Amino acid sequence: VRTRMHERFNRLSLQGSSLPQLEEFTRSYGVYVLLIDQEFKLIGAARITEARQFDVTTVDPAFDRLHTALAETGRAYDITATHTLGLVRAGVFLVLLGGVGLIAVLAWQFNKGRHMVEVASAEQHALSQANENLESRVRERTAELSKLNAHMEHLVAERTSALQQTNDTLRAEVVER
């Protein structure tokens, strides 16, 4: 039992536990073990009455102090555990909050990108329609100009013909005279 107790005390001290309650418990345990050893020596020497008296006057009060120290150490560890649990919960909350914030930023960026794509697509569509409209107007205007050009060529041909006839008529009159 003593070996296991010493191993557990050593494990607690290696974990960096510096609770004053643990130090008091360790001291009380050391005193109690020494007193138990003395009581067993009295029993081993067949001094039973003296061992009983020693037990009542010295060992039992040491055990009560050990029990009290153990209870105080347990309370101190409970407080430490509660505090640590609070820190862990706060850390988890902060990590979750950070994750939610990151997701929100990513969603905002995604929506912003999607909006930009939608705007670019709408602008591309509007540009395509404007281009088609312009090409249609160019075709219409070209057709109108082609008709007008053909009409002008026809008028020029008519006037040229009329002018030629007028010149021919005037020449004929001049020749007759």
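Bear in mind that the values here come from a model prediction, so they are computed numbers and not experimental data. For the numbers below, each heavy atom of this structure counts, side chains included, while hydrogens, waters and symmetry mates do not.
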[Y] backbone acceptor or donor facing [X] side chain under 3.5 Å:
X: Thr160; Y: Val156; result: yes
X: Ser28; Y: Ala69; result: no
X: Thr166; Y: Ala162; result: yes
X: Thr82; Y: Asp78; result: yes

Are [X] and [Y] linked, directly or through other ILVMFWY residues, by side chains that come within less than 4.5 angstrom of each other?
X: Val33; Y: Phe40; value: yes
X: Leu94; Y: Val105; value: no
X: Leu97; Y: Val92; value: no
X: Met116; Y: Trp108; value: no
X: Val95; Y: Leu87; value: no

Looking only at heavy atoms, what is the nearest atom pair of Ile43 and Ala51, with distance?
-> CG1-CB, 3.6 Å

For residues Val56 and Pro61, report the shortest heavy-atom separation together with the two atoms involved.
-> O-CD, 3.4 Å

For the [atom1] atom of [X] and the [atom2] atom of [Y], what is their distance to the nearest 0.5 Å?
X: Leu127; Y: Gln124; atom1: CG; atom2: CD; value: 5.5 Å
X: Tyr29; Y: Phe63; atom1: OH; atom2: CZ; value: 12.0 Å
X: Leu42; Y: Asp37; atom1: CG; atom2: CG; value: 11.0 Å
X: Arg141; Y: Ser146; atom1: CZ; atom2: OG; value: 10.5 Å
X: Glu39; Y: Leu34; atom1: CD; atom2: CG; value: 13.0 Å
X: Gln21; Y: Leu70; atom1: CD; atom2: CG; value: 12.0 Å

Side chain to side chain contact (heavy atoms under 4.5 Å, CB included) between Thr84 and Thr80, intermediate numbers included | CA-CA 6 Å; Thr84 302; Thr80 302; 4.1 Å; yes

Chi angles and distances behind the side chain to side chain contact (heavy atoms under 4.5 Å, CB included) call for Tyr77, Leu22 = CA-CA 9 Å; Tyr77 273 111; Leu22 179 61; 3.4 Å; yes

Does the distance from a Lys or Arg side-chain N to an Asp or Glu carboxylate O, for Arg171 and Asp168, drop under 4.0 Å?
-> yes

Cationic N near anionic O, under 4.0 Å, Arg137 to Glu140 | no

Is Phe54 atom CZ crowded by more than 12 heavy atoms from other residues, nucleotides or ligands, each under 6.0 Å away?
-> yes

Report the C-alpha separation of Arg75 and Glu72 in whole Å, then their side-chain angles, then the decisive distance to 0.1 Å, and conclude whether the side chain to side chain contact (heavy atoms under 4.5 Å, CB included) test is met.
-> CA-CA 5 Å; Arg75 281 192 294 278; Glu72 288 176 8; 3.2 Å; yes

Report the C-alpha separation of Arg27 and Glu24 in whole Å, then their side-chain angles, then the decisive distance to 0.1 Å, and conclude whether the salt bridge (charged side-chain N to carboxylate O under 4.0 Å, His left out) test is met.
-> CA-CA 5 Å; Arg27 191 189 62 71; Glu24 175 59 27; 2.7 Å; yes

Assess whether salt bridge (charged side-chain N to carboxylate O under 4.0 Å, His left out) is satisfied between Glu144 and Lys147, documenting all intermediate values.
-> CA-CA 5 Å; Glu144 288 175 12; Lys147 282 182 185 179; over 6 Å; no

